[in-house]
Amino acid sequence: MRETYFEDGKWWVSPYNFHQDVRRDLLLPPKVQIHDATLRDGEQTPGVVFSIDDKLRIATKMDEIGVERIEAGMPAVSPQDAEAIREISKLGLKSKIFTFARAMKQDIDMALECGADGVVIEVPIGYPKLVTQFGWTWEDVFKKSRDVINYAREQGLYAVFFPYDTTRARPDDLENLCKGIMNESPPDSIGIVDTMGCATPEAVKYMVGWVKGMTGLPIEIHTHNDFGMGVATELAAVAAGAEVVHSCANGLGERTGNAALEELMLGLHLLYGYDTQYQMDKLPELGALISEISNIPIARNKPVLGHGNFIRESGIGIQYVMHDPLVMFGTHPSLTGRAGEVVLGKKSGKASIVYKMQELGLGELDDAQAVELLTRVKQKGIEKRDFLSDEEFVSLLNEVRAVA
Ligand SMILES: CC(=O)SCCNC(=O)CCNC(=O)[C@H](O)C(C)(C)COP(=O)(O)OP(=O)(O)OC[C@H]1O[C@@H](n2cnc3c(N)ncnc32)[C@H](O)[C@@H]1OP(=O)(O)O
Ligand SMILES: O=C(O)CCC(=O)C(=O)O
């Protein structure tokens with residue numbers, strides 16, 4: 001693992017991330033894998049439907065970027081879902097293919113029939129769901145899960161036990177379930193699932209240690225973004241020893257979405273120092289594909305993918321945007337396949353005018369003309385309540401030159 005905060009021409013993040021007093025208390029596992037659930041939880045975004053061909057394109061792009069695991073769907077949902085998983089399994093991707101299954105033998109059979117490598121076996125354990133939605137006790141959950149976990153493993157599937165709404169489980173219920181499962185049907189790994197996105201990073205850190213202590217299993221963390229902390233909570237879980245992070249590209253998923261794939265990748269690589277092999281410069285291609293297919297636009301300030309992230313209007317420091325971007329941004333735009341951009345408007349300064357003149361090859365101005373042009377640029381920005389197009393700038397420049 002890297003312990004450096006700077007890589008020439010690529011990024012410059014906080015050195016305190018790697019300060020020995022900060023790192024000393026972290027229980028970072030040597031390797032972390034991404035389990036992406038865009039094709040299942042992402043498609044649970046209301047109104048989003050991926051065709052079989054869409055799913056093949058998304059899975060192929062994810063494999064190209066280096067996602068270790070793809071949750072390709074839940075075969076029980078429809079024959080089309082099963083068919084998509086079957087086709088994805090046949091692609092021969094490096095990514096391992098998982099399906100989502102209820103604690104039912106028939107769902108495991110469908111995973112097998114679809115050619116999956118592994119299965120995420122979901123059962124409720126959060127108390128509101130357990131008591132109101134299902135009318136089950138932890139023992140019911142245990143009895144339903146036990147044989148299904150054993151069956152999946154006997155059939156050669158990697159079995160992730162996924163007691164969802166984990167963060168709202170009563171401690172005794174979760175403890176009894178974990179102990180029962182470990183006695184009679186240990187899975188390959190266990191999920192801590194913040195179904196409602198309602199646990200703090202600190203609470204999840206505690207839970208990772210607690211569940212690891214009870215089971216000795218690798219921990220998978222799956223969060224939602226209801227409090228805007230989905231990614232932070234997953235990274236906190238990694239800092240407490242979780243080995244697998246679940247994600248959805250573009251932050252799709254139920255309600256406010258899941259922890260965003262692209263944000264996790266950068267967080268793991270840059271902020272925590274994992275030497276991942278992810279092709280981060282291809283993330284905008286994946287983002288654009290998913291946005292087009294899901295018909296959900298990417299917010300212009302969305303971390304990693306927003307098209308406005310490397311645009312600067314404010315005049316102070318403007319000359320560094322293109323020539324020395326790490327003065328102005330924590331990551332070089334090219335790291336994630338992007339380019340910086342200088343725009344003019346209300347917040348411009350004289351350096352902005354000089355920069356734009358050079359960029360567009362418009363010659364030079366004397367100081368008085370530059371000041372006059374800046375005044376007009378600011379006025380136009382205020383009137384327009386936006387930044388100026390190059391054509392608008394040239395038009396103002398011509399006015400100023402005509403006056404002189
Ligand atoms: C946090 C969550 O919501 S988890 C899953 C969310 N994902 C989805 O719902 C995917 C989309 N869903 C669908 O397409 C449909 O709801 C289906 C195909 C999954 C199921 O639809 P239905 O055929 O209507 O099944 P239904 O919801 O009635 O459930 C069938 C049985 O599964 C049981 N069941 C539900 N979840 C589980 C589970 N995780 N493990 C074991 N059994 C379960 C139910 O209790 C019910 O049992 P019963 O027949 O004895 O009453
Ligand atoms: O949320 C769901 O619908 C299924 C389970 C899950 O992904 C979760 O609990 O977060």
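For ligands, and for the atoms within them, numbers begin at 1 and follow the listed sequence.
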A student checking ligand 2 against V193 at a 4.0 Å heavy-atom cut-off should list atoms 8 (C), 9 (O), 10 (O)
Look at the side chain of N17 and the backbone N and O of S14, then say whether any donor-acceptor pair between them is shorter than 3.5 Å. yes
Report the nearest protein non-hydrogen atom to atom 45 (O) of ligand 1: residue, atom name, distance rounded to 0.1 Å. W136 CZ2, 3.8 Å
Verify the neighbour count for atom NZ of K384: are there more than 12 heavy atoms of other residues, nucleotides or ligands below 6.0 Å? yes
Under 3.5 Å: N/O of E122 near N/O of ligand 1: yes
Verify the contact flag for atom 27 (O) of ligand 1, where contact means a protein heavy atom under 4.0 Å away. no
To the nearest 0.1 Å, how far is atom 47 (O) of ligand 1 from its closest protein heavy atom, and which atom is that? M104 CE, 4.9 Å
Shortest protein heavy-atom distance from atom 9 (O) of ligand 2, along with the residue and atom involved: T195 OG1, 2.6 Å
Looking only at protein heavy atoms, which one is nearest to atom 18 (C) of ligand 1, and how far off is it? A76 O, 3.4 Å
Polar contacts were defined as any N/O atom of the residue lying under 3.5 Å from an N/O atom of the ligand; does this apply to Y164 and ligand 2? no
Basic-acidic side-chain contact under 4.0 Å: E313, K346: no
Quick check on R40 - does any of its heavy atoms sit under 4.0 Å from an atom of ligand 2? yes
In the complex you have, is atom 32 (O) of ligand 1 within reach of the protein, judged by whether a heavy-atom distance drops under 4.0 Å? yes
Sidechain-backbone polar pair: T45 side chain, L252 backbone, donor-acceptor under 3.5 Å: no
Without swapping roles, check the side chain of S291 against the backbone of G287 for a donor-acceptor pair under 3.5 Å. no
Give me the residue, atom name and distance of the protein heavy atom closest to atom 10 (O) of ligand 2. H224 NE2, 2.8 Å
Test: E139 and K143 ion pair at under 4.0 Å: no
Identity and distance of the protein heavy atom lying nearest atom 35 (C) of ligand 1: F134 CE2, 3.7 Å
Any protein heavy atom < 4.0 Å from atom 3 (O) of ligand 1: no
Heavy-atom distances under 4.0 Å are what count here, so tell me which part of E122 touches ligand 2: side chain, backbone, both or neither. neither
Heavy atom of protein closer than 4.0 angstrom to atom 15 (C) of ligand 1: no
Does the distance from a Lys or Arg side-chain N to an Asp or Glu carboxylate O, for K212 and E243, drop under 4.0 Å? yes
I need the nearest protein heavy-atom contact for atom 7 (N) of ligand 1: residue, atom name and distance, please. Q44 OE1, 3.5 Å
If you count the non-hydrogen atoms of other residues, nucleotides and ligands that lie under 6.0 Å from CH2 in W136, is the total more than 12? yes
Heavy-atom nearest pair, M74 first then F100, reads CG-O, 3.3 Å
Pull out every atom of ligand 2 sitting under 4.0 Å from any heavy atom of F100, numbered as shown with elements. 4 (C), 5 (C)
Within the side chain of D63, is there an N or O that forms a donor-acceptor pair under 3.5 Å with the backbone of V67? no
Could you tell me whether atom 40 (N) of ligand 1 has a protein heavy atom closer than 4.0 Å? yes
N/O donor-acceptor pair under 3.5 Å between K356 side chain and V342 backbone: yes
Top protein contact for atom 1 (C) of ligand 1, by heavy-atom distance: Y164 CE1, 3.2 Å
Salt-bridge criterion met for K61 and E64 (N-O under 4.0 Å): yes
Could you tell me whether atom 51 (O) of ligand 1 has at least one protein heavy atom nearer than 4.0 Å? no
Y278 and H269 aromatic centres sub-6.0 Å: no
Carboxylate-amine/guanidinium proximity below 4.0 Å for K105 and D109: yes
With a cut-off of 4.0 Å, which atoms of ligand 2 are near a heavy atom of E254? 3 (O)
Verify whether one side chain among D53 and S51 offers a donor that lies under 3.5 Å from an acceptor in the other. no
Record the part of D41 in heavy-atom contact with ligand 2 below 4.0 Å; permitted values are side chain, backbone, both and neither. side chain
Would you confirm whether any non-hydrogen atom of the protein falls under 4.0 Å from atom 10 (C) of ligand 1? yes
Among all the protein's non-hydrogen atoms, which is closest to atom 30 (C) of ligand 1, and how far away is it? R102 NH1, 4.0 Å
Quick check: Q44 and ligand 2, any N/O pair under 3.5 Å apart? yes
Going by distance only, is there an N or O of A103 that falls short of 3.5 Å from an N or O of ligand 1? yes
Do me a favour and list the nearest non-hydrogen protein atom to atom 13 (C) of ligand 1 with residue, atom name and distance? V77 CG2, 4.2 Å
Is the H246 to F98 ring centre distance short of 6.0 Å? no
